[in-house]
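Note that the structure is a prediction, hence the values are computed from the model and not measured. Chain naming here is simple, since letters A, B, ... match the order of the sequence lines and numbering starts at 1 in each.
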Amino acid sequence: MTLRLFNTLTGQLDDLVPMDGKALRMYACGPTVYDYGHIGNFRTFLQIDVLRRFLKLTGTPVRHVMNITDVDDRIIHNAAALGISIHEYTARFEEAFFEDLEALRVERPEIIACATEHIPRMVELIQRLAAAGAAYRTEDGSWYFRLAAFPDYGKLSKKDLSGMEDGARVDLDEYEKDSARDFALWKAAKPGETSWDTAIGRGRPGWHIECSAMAMEYLGDSFDLHAGGEDLMFPHHENEIAQSESVTHKPFARHWMHVRFLLVDGRKMSKSEGNFFTLRDLLIKGYKASAIRMALISVPYRHQLNFTFDGLIEATNAIERLRTFHQRLTQGNFPPGASPALQSAAETAQADYLAALANDLNTAEARAPIFDLLRAANTSIDQGQLFAADRDAILAVLAGFDAVFDVIEDHDAEPTRRALEWAAQSGRLADVAPELLARQSLTDEAIDALVAQRTQAKKQRNFARADQIRNELAEKGIVIEDSKDGVRWKRK
RNA sequence: GCACCGGUGGCGAAGCGGCUAACGCGCAGGUCUGCAAAACCUGUAUUCGCGGGUUCAAUUCCCGCCCGGUGCUCCA
């Protein structure tokens, strides 16, 4: 199954296959660790996760590099304000970032590269650029990329820069540049700022150079795919191409994938609009990590996603149905044998599911066959017409679904627990949803005991008492389900 | 201003030239149940922003308009 993925560079759907015939080499721009990640960041990482999981599911090994930008203006500024080193400052946000990725079940890339650990590679690249006449040094000791040296500039974002050359908007800080659009490769050290003493002078790297240096370090001069948020297309990715190809004269990345921004309540998320959410904000409001994952994944990556709390509730309910179904299959007893109708339904579902994802990662379309199968199977179970071999076939389809979506198996307790811990430590307890606290207030043992009491009451046909217990539990978000196979309960 | 994307049922969202317009959530009625929950069944867009055009045939292609969003600067 070959993935047809939209390629920003060519403007069309292209097959995504490893050019070396082995593993798919991909680079994805990671976070700048100056604050907690917000859901917009995570939509991008989640969609890239969908991509890599699909590749793996369909038999393509992945070598995925993600960078961590751990030095930039904001970091330097914020660290200085706190009077700590940039490493002390970034360490906690880097840790928080990975904790958040784990909560969202985002697989860890094979290689994670920090900018500050690759300074020599960047310096070397700048030297090569200088040798090629594509970089120059200004009086203050900064280095810039000479845009005029790269005629292909703009090929990714399809920008025609000829009309906007050295326009009216000239940045006063950068008057030394040859051309207003030339971008910084290396910023000369300013007094008191973190800097590195190198062959090209004392200073720190510009933002774009780190990705070129690290991508080439781990993936070679040319690789299969480069991915990131849509905002990075210009200028970041354009600049990466310019820097890299000016040195290697080979195509940098063959395929470019850009994830569209999400909106919150129909507006671009921003701190000033008051519609800005970190993952932690949502977890302490009582939303489950799986629901957030599902909501952010279910709209295909090339479409704007309007994030709302209603959408989160919808995702929660959809996941609940899937989980209940899964449980029904794994816990039920099914006689040996197979039903031809279900066998073929499972086969169809599997094929349609994979085909939808292979079509530019159409996650919305991919969900449909799974729910179709769910309904068909539930009907058969109700009619006593589902057999052991059917169960196995259907579970295999669900496994394929979860290999990408990863929401059926329940891992929600831990992220919520950690978020509550974090809230307590960082003075955010006031923001924790009361319902969440109520839900957490009963231990599993306490619930089991109450459920047992209710079962006893029911046996004695003391329904008033039984209902009383059920209502008490319901108030704390515990739902009881009676079935032929016994009583089940779950936290809402 | 220039550029790009989108407007499909109560909501989210597929489909993009021809099957009864997927799927999810919600809602209403029914089956089951001590009652619920879960599950299933039925119903829930004669219609795809508006107006033209092309075509035997358009939600799907073209033109115009209206509305929403995003990019052009740091940003996932």
Q) Looking at A:Arg181, does any N or O in its side chain come under 4.0 Å of the phosphate oxygens OP1/OP2 on B:U73? A) yes
Review point. For the ring pair A:Phe277 and A:Phe309, is the centre-to-centre distance below 6.0 Å?
Key: yes
Practice problem: Take atom C1' in B:C25 and the same atom in B:A14, then report the distance between them in whole Å. | Solution: 15 Å
Regarding the side chain of A:Glu314, the nearest nucleotide among B:U70, B:C25, B:G34 is B:C25
Give A:Asn378 one of three labels, base, sugar-phosphate or nothing, depending on what nucleic acid heavy atoms sit under 4.0 Å from its own.
sugar-phosphate
Under a 3.5 Å limit on both distances, the Watson-Crick or wobble mate of B:C50 is B:G64
Closest to the side chain of A:Asp231, out of B:C75, B:G34, B:A14, is B:C75
Across every strand shown, the nucleotide meeting Watson-Crick or G-U wobble geometry with B:U42 (both distances under 3.5 Å) is B:A28
Looking only at B:C5, B:A76, B:G15, the nucleotide nearest the A:Thr44 side chain is B:A76
Inset, instruction - Would you indicate what A:Leu46 reaches in the nucleic acid, counting non-hydrogen atoms under 4.0 angstrom: base, sugar-phosphate, or nothing? - result: nothing
**Prompt:** Which value, in whole Å, describes the distance between the P atoms of nucleotides B:U47 and B:A22?
**Reply:** 15 Å
message: Please classify the nucleic acid contact of A:Val479 as base, sugar-phosphate, or nothing, using heavy-atom distances under 4.0 Å.
response: sugar-phosphate
Of the listed B:G24, B:A38, B:U70, the closest approach to the A:Ala318 side chain comes from B:G24
* Could you check whether A:Gly40 gets within reach of a base, just the sugar-phosphate, or nothing at all, counting any heavy atom under 4.0 Å? => base
Need one value for A:Leu262: base, sugar-phosphate or nothing, where a base atom within 4.0 Å counts as base even if backbone is also close, heavy atoms only. base
Answer with yes or no after comparing the ring centroid distance for A:His237 and A:His226 against a 6.0 Å cut-off, counting only values under it.
-> yes
Among the nucleotides B:A39, B:U70, B:C35, whichever has the atom closest to the side chain of A:Arg260 is B:U70
* Asked: Under 4.0 Å between a side-chain N or O of A:Arg321 and OP1 or OP2 of B:C25?
  -> yes
- Scan A:Arg470 against the nucleic acid and name what it touches under 4.0 Å (heavy atoms): base, sugar-phosphate only, or nothing. base
Remember a base hit wins even if backbone is also touched, and classify A:Pro300 as base, sugar-phosphate or nothing at under 4.0 Å, heavy atoms. sugar-phosphate
Exercise. Counting just side-chain N and O atoms, does A:Lys490 come under 4.0 Å of either OP1 or OP2 of B:A37?
Worked result: no
With heavy atoms under 4.0 Å as the rule, sort A:Asp482 into base, sugar-phosphate or nothing. base
- Under 4.0 Å between any heavy atoms, over every strand shown, what does A:Arg323 touch: base, sugar-phosphate, or nothing? Just pick one. nothing
(message) If you take the centroid of each ring, where Trp contributes its six-membered ring, are A:Phe97 and A:Tyr36 closer together than 6.0 Å?
(response) no
Quiz item: So, is A:Thr379 close to the B:C41 phosphate, meaning a side-chain N or O under 4.0 Å from OP1 or OP2?
Solution: yes
- Task: Indicate whether OP1 or OP2 belonging to B:G15 is found under 4.0 Å from a side-chain N or O atom of A:Asn362.
- Result: yes
Considering only heavy side-chain atoms of A:Leu263, the closest of B:G15, B:U70, B:C74 is B:U70
(request) Scan A:Arg375 against the nucleic acid and name what it touches under 4.0 Å (heavy atoms): base, sugar-phosphate only, or nothing. (result) sugar-phosphate
Between B:C65 and B:G1, how many Å separate the two P atoms, rounded to a whole number?
12 Å
When rounded to whole Å, the NE2 to P distance for the pair A:His236 and B:C72 reads 14 Å
Per atom distances to the A:Phe371 side chain, the nearest of B:C23, B:G34, B:A38 is B:C23
Sorted by position of nearest nucleotide on RNA chain B, 5' first, the leading residue of A:His303 and A:Ala464 is A:His303
pair_partner(B:C74), Watson-Crick or wobble, both distances < 3.5 Å, evaluates to none
message = Measuring centre to centre across the rings, with the benzene-like ring taken for any Trp, is A:Phe183 within less than 6.0 Å of A:His236?
response = no
Within the 4.0 Å heavy-atom criterion, would you say A:Gly37 contacts the bases, only the backbone, or no part of the nucleic acid?
nothing
Review point. When all nucleic acid strands are considered with a 4.0 Å heavy-atom cut-off, which category describes A:Asp372: base, sugar-phosphate, or nothing?
Key: sugar-phosphate
